[in-house]
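By convention in this document, chain letters (A, B, ...) are assigned in the order of the sequence lines, proteins followed by strands, and residues within each chain are numbered from 1. Because only heavy atoms are used, hydrogens play no part in the values below, and waters and symmetry mates are left out as well, while side chains stay in.
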There are 2 protein chains.
Amino acid sequence: MLNNRYDVSQETRKRILAIIEELGYAPNHLARSLRMGQTKTIGVVISDVSNPFFGSVISGIENILREEGYCVLLYNANEDAQREEEVFKVLLERRVDGVIITPVDESNFSALLSLLQKANIPCVFLARYAKNIPVSYVIADDLLGSFLATEHLLKKGHKRILYLGGPPFLTTSQERIQGYKKALEQYGLPSDENLIKPSRAKMEDGYKIVKEALFQKLEFTAIASFNDYLAFGALRALRENGLSVPRDVAVVGYDDVEFASISWVPLTTVRMPKYELGVEAAKILLSHIRGEAESIKKVVLKPKLIVRSST
Amino acid sequence: MLNNRYDVSQETRKRILAIIEELGYAPNHLARSLRMGQTKTIGVVISDVSNPFFGSVISGIENILREEGYCVLLYNANEDAQREEEVFKVLLERRVDGVIITPVDESNFSALLSLLQKANIPCVFLARYAKNIPVSYVIADDLLGSFLATEHLLKKGHKRILYLGGPPFLTTSQERIQGYKKALEQYGLPSDENLIKPSRAKMEDGYKIVKEALFQKLEFTAIASFNDYLAFGALRALRENGLSVPRDVAVVGYDDVEFASISWVPLTTVRMPKYELGVEAAKILLSHIRGEAESIKKVVLKPKLIVRSST
DNA sequence: CTGTTAGCGCCTTCAA
DNA sequence: TTGAAGGCGCTAACAG
């Protein structure tokens, strides 16, 4: 009866279901998992849960997994490599069917991965990856995004574009600079290293760099940025100097944070496909779990240029 | 040996541990849970994971629970009452030791709760609650927060304070208006209903309301708001009308969203204790699980006034 | 077609 | 001190 047999009369069935409900019976998923050798649970390890970026990512992951009857066991590595390491033990003990992780520290990756592989637990990296580690991942195409942003400015006729860069050690920073340079190159323009300013990517950095550039009478008619915060800082500096955006100087950001659309000058920027990153990671993981795809999958999502009033 | 006995020589122990590591052995937590009748897992049901507010909340929850060896099974109700209902079945099947929930729909609450109670699973409501349902909850004191914001303006000598309100049907909106009125009353000032403007609480609303108020030559020297977005809109309207903040008009927001500190005029606002909400909810739940606190606990956290340059 | 049973891996109890 | 056995609740296989 409990397995949906046919030879039970409607009334009996109804009665039994009523009793089930009344008793509050629910099949014990633990026992089932133990017996079946699968928990229908995915470990999701996030480098920093309180970062708004990952809210959408998790939402994407959860939506796909839930449809397939999977649950999310959530861990917050809190940008701490040691905590990330600890998590793996729990993941193994709890016999998760798979892992999605936004990794913190590259130095751990291979060791941790081999742990999972030994236990035959598939894993997908999200948003970050390491070149020499054989594992599926899904990332956004930073080079392309930055290329699109720069190209957008070039199409508007700008020739000297100040670039507000991020921390040089981040691969993301490097790729975005690449994209900027590639666009210039494609338009037959030289890339002037004086126009490229690395920073810690805070709003104050954008503000200071632009202030300084204006003071030095550095020649530029547009600004591209590693992220939206730098662009916000730039907007403020420009305004303080009585410059109009986009008439005197055009500005593009990167990420499309919540505030980009409602800042005093709505910001043209590049939207990271946050939700889609989660969705794709979950899909890849499921295909690994089902054994459909033994080989490693690399998915690179396309970011999208969002044109607003700052250009 | 595996249970940490004393009578094993150091070398043997080391050797065995090495083998354990080599084999990739990890105790099966499922079997343990089945046997022990507790899963060391907490169901966390969030009304909308992609809302940045809940990132910090989850972080707080996770930090406390992890210390005690608990894991977080995360669900996203996605502001959908039906999905919220479905989740409970899974929670029961998976035999979670407790539940923390930011509930979506009041109409479901009592039915769902009795389901949990029947299974003897303690539950804590977070951020929202329903008056007539006997369950522990942790919320922030909206009345107090709004009182503090308004009082701050009153102390600065403002007497006519425009209030940008939120959606009237939200208890949060109502409580914040209460706080505003209470402060006025305490300072012996009448509360002029013309100065209270409900809205959908978007930035445009703040902008339009202030524009309109200025156009109508409504008399006010300060603005208090239901949330930071309304305040941002107000700032923009003031600037467009050539008014200086805080010299001509002072402005306070509510929530302390990420951008409040870096907006063009850094915003005085009321900080919601997001992280602390999570921490408290987790602590209460743990005390229920341990049987330390049979009775219902109600925790009301104090929000904090953050003074910046807009006042 | 129905009912019984073994065993998933652990912890606890009891016996040796 | 150590070892063996029972049972948590489920499913799959097998016997009646």
Who passes side-chain hydrogen bond (donor to acceptor under 3.5 Å, both in side chains) against B:Ser56, sequence neighbours left out? none
Figure out the CZ/P separation between B:Arg94 and D:dC8, and round it to whole Å. 22 Å
What residues 30-37 of chain B contributes to the DNA chain C interface at heavy-atom separation below 4.0 Å is B:Ala31, B:Arg32, B:Arg35, B:Met36
Greater than 12 external heavy atoms within 6.0 Å of B:Lys298's NZ: yes
Given atom CG of B:Leu92 and atom P of D:dG9, what is their separation to the nearest angstrom? 15 Å
Looking at C:dC10, I'd like to know if its phosphate oxygens (OP1 or OP2) sit under 4.0 Å from a side-chain N or O belonging to B:Tyr25. yes
Residues in ring pair (Phe, Tyr, Trp, His ring centres under 6.0 Å) contact with A:Tyr75, at least two apart in sequence or another chain: none
For the helix from C:dC1-D:dG16 to C:dA16-D:dT1, figure out the bend between the end axes, five pairs an end, and round to 10 degrees. 60°
Distance, rounded to the nearest Å, where B:Lys40 contributes NZ and C:dC11 contributes C1': 15 Å
Check ring pair (Phe, Tyr, Trp, His ring centres under 6.0 Å) between B:Tyr129 and all other residues, then give those that pass, not counting sequence neighbours. B:Tyr137
Under 3.5 Å donor-acceptor pairs involving side-chain atoms of residues 32-39 of chain B, not counting sequence neighbours:
from: B:Ser33; atom 1: OG; to: B:His29; atom 2: O; distance (Å): 2.8
from: B:Ser33; atom 1: OG; to: B:His29; atom 2: ND1; distance (Å): 3.2
from: B:Thr39; atom 1: OG1; to: B:Thr41; atom 2: N; distance (Å): 3.4
from: B:Thr39; atom 1: OG1; to: B:Arg95; atom 2: O; distance (Å): 2.8
from: B:Thr39; atom 1: OG1; to: B:Asp97; atom 2: OD1; distance (Å): 3.3

Round to a whole Å and report the spacing from CG of A:Asn28 to C1' of C:dG7. 16 Å
Mind checking side chain to side chain contact (heavy atoms under 4.5 Å, CB included) for B:Leu92 and listing every partner two or more places apart, or none if nothing turns up? A:Ala26, B:Leu115, B:Leu116, B:Ala119, B:Ile121
What residues form a ring pair (Phe, Tyr, Trp, His ring centres under 6.0 Å) with B:Tyr275, not counting sequence neighbours? none
With sequence neighbours excluded, tell me which residues meet side chain to side chain contact (heavy atoms under 4.5 Å, CB included) with A:Pro27. A:Tyr25, B:Glu93
